[in-house]
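Read through the structure below, which is laid out as structure tokens, and then see the notes.
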Amino acid sequence: MERRCVLNSWSKEEVRAVIRYEWARGVSGREIHNRLVEVYGTGVMSKQMVRRWCRTFSDGRQQVEDIPRAGRTRTATTDANVGKVYDMIRANQRITIDEVAEELGISHERAQNIIHDILRYRKVQGGSPYSIPYQVQSRLRYEVNLGRRPKIAALRRALNRN
């Protein structure tokens with residue numbers, strides 16, 4: 001039987017809903033997995049996970065969404081902190097990661113993550129310590145020319161286009 005991938009993107013909840021539906025119809029875990037692979041492709045979910053979800057539904061679980069887990073919430077890489085770091089760098093391009101971390105009361109690692117991974121600033125030799133990618137610079141100029149303060153969401157969209 002030829003395998004064809006019809007859908008290229010899916011959510012975890014969507015796949016779990018399909019598993020729940022097929023399980024309710026009495027289809028075996030192996031056959032459910034084969035059908036998922038046929039529609040969503042080979043990277044959808046392993047046979048073991050399909051069987052685990054079938055067992056979970058057999059045990060009485062009704063919902064397909066993730067159950068909230070206990071644990072520490074994310075407090076360092078919030079949009080507010082990203083905005084503060086952005087403002088700090090715009091005010092002083094020679095600021096260090098340690099100074100950012102100390103000012104916001106977050107770890108060096110989280111400050112570095114915000115600067116390098118979220119804002120995508122990188123250190124360059126010779127010029128200013130942090131260089132902004134060209135696409136973000138053009139977006140910033142556009143926002144400033146309209147008389148608006150650039151929004152973090154717009155910056156992230158501009159960065160993710162690269």
Side-chain angles (χ1 to χ4, degrees), residues 5 7-20 36-37 39-57 59-162:
C5 180
L7 302 174
N8 292 326
S9 65
W10 63 89
S11 68
K12 294 185 296 187
E13 290 80 9
E14 177 184 354
V15 172
R16 292 173 190 166
V18 170
I19 293 170
R20 182 171 178 237
L36 288 172
V37 169
V39 174
Y40 294 107
T42 56
V44 63
M45 189 182 282
S46 67
K47 286 181 188 176
Q48 292 85 0
M49 283 305 296
V50 171
R51 287 191 204 118
R52 184 178 293 167
W53 275 104
C54 289
R55 217 173 316 126
T56 302
F57 293 133
D59 292 341
R61 181 168 173 176
Q62 297 292 317
Q63 65 200 59
V64 295
E65 296 85 16
D66 284 333
I67 296 173
R69 299 179 186 169
R72 188 172 180 179
T73 58
R74 296 183 80 167
T75 57
T77 54
T78 61
D79 282 341
N81 279 349
V82 172
K84 289 176 186 174
V85 170
Y86 172 78
D87 291 338
M88 291 167 70
I89 292 175
R90 295 293 288 174
N92 177 12
Q93 290 188 344
R94 296 199 175 278
I95 195 166
T96 65
I97 294 174
D98 287 330
E99 290 170 344
V100 169
E102 185 178 329
E103 179 79 23
L104 296 178
I106 60 177
S107 70
H108 177 92
E109 179 188 19
R110 291 293 94 209
Q112 184 174 12
N113 174 264
I114 291 171
I115 293 169
H116 294 287
D117 297 338
I118 296 174
L119 293 175
R120 298 223 180 148
Y121 284 117
R122 58 185 169 80
K123 197 166 187 170
V124 292
Q125 298 295 328
S128 63
Y130 289 103
S131 173
I132 305 172
Y134 172 74
Q135 292 83 358
V136 177
Q137 288 178 5
S138 63
R139 179 67 187 191
L140 287 172
R141 279 195 295 274
Y142 174 74
E143 294 284 333
V144 171
N145 287 338
L146 292 178
R148 298 186 294 204
R149 182 172 181 260
K151 296 196 173 26
I152 299 302
L155 291 174
R156 283 190 174 159
R157 279 194 303 274
L159 288 170
N160 289 331
R161 286 188 199 131
N162 297 340

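Heads up: numbering here begins at 1 and tracks the sequence.
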Under the salt bridge (charged side-chain N to carboxylate O under 4.0 Å, His left out) test, residues paired with [X] that sit two or more places apart:
X     : answer
Arg16 : Asp66
Lys47 : none
Asp59 : none

Next on the checklist: Counting neighbours of CZ on Arg61 that are heavy atoms of other residues, nucleotides or ligands and sit closer than 6.0 Å, is the number greater than 12?
Outcome noted: yes
Checklist entry - Heavy atoms, side chains only, cut-off 4.5 Å: are Ile114 and Ile106 in contact? => result yes
Let me confirm one number: the [atom1]-[atom2] distance from [X] to [Y], rounded to the nearest 0.5 Å.
X      : Y      : atom1 : atom2 : value
Leu119 : Asn113 : CG    : CG    : 9.5 Å
Leu104 : Met88  : CG    : CE    : 5.0 Å
Gln93  : Tyr121 : CD    : OH    : 7.5 Å

Checklist entry - Which pairs pass salt bridge (charged side-chain N to carboxylate O under 4.0 Å, His left out) with one or both residues in residues 102-114, sequence neighbours excluded? => result none
Next on the checklist: For Met45 versus Ile19, what's the shortest heavy-atom pair and its separation?
Outcome noted: SD-CD1, 3.6 Å
Checklist entry - Can you name the closest pair of heavy atoms from Asn81 and Ala76 and give their distance? => result ND2-O, 2.7 Å
Next on the checklist: For Glu14, give me all partners under side chain to side chain contact (heavy atoms under 4.5 Å, CB included), at least two apart in sequence or on another chain.
Outcome noted: Leu7, Trp10, Ser11, Tyr40
Item to check | Listed partners of Gln62 passing side chain to side chain contact (heavy atoms under 4.5 Å, CB included), at least two apart | outcome: Arg20
